[in-house]
Amino acid sequence: MKQFLSVDDAGNFQALVKNALGYKAAPFKDSLLGANKRLGMLFLNPSMRTRISTQVAAKNLGMDAVVFNVGQDGWALEFEDEAIMSGSTVEHVKDAAPVLGKYFDILGIRTFPSLKNKEDDYSELYIKQFIKYSGIPVISLESSTLHPLQSLTDIITISETFKEKRKPKIVLTWAPHVKVLPQCVPNSFSQWINAWGESNFVITHPEDYELDQKFTHGATVVHDQDEALKDADFVYVKNWSTYEDYGKIYCNDPRWMMTRKKLQLTNNAKIMHCLPVRRNVELSDEVLDGNNSIVTQQAGNRVWAAQAVLAEILKGQTH
Ligand code: CP
């Protein structure tokens, strides 16, 4: 593996899931694989789970991880080619990324979208500039449009939880939120679940919250949440802002919040969310604190997803 930006980089991702579960069973079995190797982790935006789980994963493989909060501590970066840098940006990624390539063996980047210009965000300019100029493998720690470490984690969590000999029904449901949020998690979840192909996948959201079909193609989309939830084995709850009329909040109807009453429509579904979650806005306390919630198990699995990905890249570097 040379980079990890989407499901397209995962190769045989069933093997990746198996390796991740292997690390969950024996976290230190490859504790020398990353000896004398360094992971740089650049955050242009906040994070708790991604930051810590990836650091723990690197440590389990014997790697050193260095975290750098670009937004707080670094020079303001310029990403546009041929920019005249007479404004607020101090350093071009063309100059900064090759330096990072000298310090590290693998680079992880978190960059959120602006949610102002769809074309810019969906071009993934920021992470692509790091790939172009760093000269070392780059891992997405969540980019403008996708969150592959989260989605790999989600497949791991579903795989270890669902043991019946049939395909589970998985429902991705939109939920209300007070802020304008990216489409990264639902895009990425849709992309990975579609590529996995081992489920009956349904997406439900209010009218005009359609996601990019590039990621959702193959899923059944319904606008009646109650109908969608019927017989679900897993319900993934997540807010996103509009994609077509980009980055807007059209609806904040609290009736879309996941509640215990709605859980009763499902097949005793397990409830998932990537976290952080707005309690009693996206999901009710009774659902999050109830026995059906697997959000903590899910977040815990972030370590094994990151460890499996780092290990694949390290193995590629040592051969
Ligand atoms: N789910 C997730 O990526 O969490 P953080 O933003 O805390 O990393």
Side-chain angles (χ1 to χ4, degrees), residues 4-7 9-10 20 24 39-59 65-73 106-115 121 124 126-127 138-158 161 170 172-175 177-193 211 215 234-241 258 270-279 281-283 287-288 293-310:
F4 187 70
L5 307 186
S6 81
V7 75
D9 300 312
K24 185 168 184 174
L39 169 68
M41 298 171 63
L42 265 62
F43 286 87
L44 284 82
N45 304 95
S47 163
M48 184 180 90
R49 277 144 291 270
T50 308
R51 173 189 307 245
I52 297 173
S53 63
T54 309
Q55 280 181 280
V56 172
K59 182 80 180 158
V66 176
V67 176
F68 184 55
N69 300 311
V70 180
Q72 270 168 257
D73 305 325
I106 302 174
L107 196 56
I109 311 282
R110 169 166 283 203
T111 62
F112 283 167
S114 67
L115 292 173
D121 288 346
E124 292 282 11
Y126 290 4
I127 200 158
V138 170
I139 295 178
S140 165
L141 303 174
E142 189 169 353
S143 66
S144 295
T145 66
L146 294 171
H147 196 353
L149 282 175
Q150 179 67 54
S151 307
L152 174 58
T153 301
D154 299 336
I155 303 252
I156 291 164
T157 307
I158 292 167
T161 304
I170 300 173
L172 168 64
T173 181
W174 181 90
H177 202 283
V178 292
K179 291 186 77 175
V180 180
L181 295 193
Q183 295 106 30
C184 310
V185 169
N187 280 347
S188 196
F189 185 71
S190 302
Q191 186 188 46
W192 281 71
I193 292 289
L211 293 160
F215 305 117
F234 292 87
V235 179
Y236 201 110
V237 184
K238 186 73 185 84
N239 171 270
W240 61 88
S241 60
M258 190 67 202
K270 298 297 183 196
I271 301 296
M272 302 177 73
H273 189 287
C274 61
L275 304 179
V277 63
R278 295 270 181 157
R279 279 179 174 256
V281 177
E282 293 175 86
L283 281 144
V287 174
L288 275 167
S293 171
I294 56 170
V295 298
T296 306
Q297 172 192 342
Q298 185 184 356
N301 284 339
R302 293 293 306 271
V303 173
W304 320 118
Q307 196 165 335
V309 168
L310 288 173

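We count ligands from 1, going down the list as the structure has it; atoms in each ligand are counted the same way. The residues of the chain are indexed from 1 along the displayed sequence.
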Taking Glu282 for its side chain and Lys238 for its backbone only, find out whether a donor-acceptor pair lies under 3.5 Å.
no
Donor-acceptor side-chain pairing of Thr145 and Glu124 below 3.5 angstrom:
yes
Contact residues of ligand 1, where a non-hydrogen atom lies under 4.0 Å away:
Ser47, Met48, Arg49, Thr50, Arg110, His147, Gln150, Cys274, Leu275, Arg302
Looking at Ser241 and Pro182, would you say the former's side chain and the latter's main chain have a donor-acceptor pair under 3.5 Å?
no
Do Asp121 and Ser114 get their side chains close enough for a donor-acceptor pair, meaning under 3.5 Å?
yes
Does the pair Thr161 and Phe234 meet the rule for a side-chain contact (heavy atoms from CB on, under 4.5 Å), with working shown?
CA-CA 10 Å; Thr161 304; Phe234 292 87; 4.0 Å; yes
Between Gln150 and Asp154, is there a side-chain donor-acceptor contact under 3.5 Å, judged purely by atom types and distance?
yes
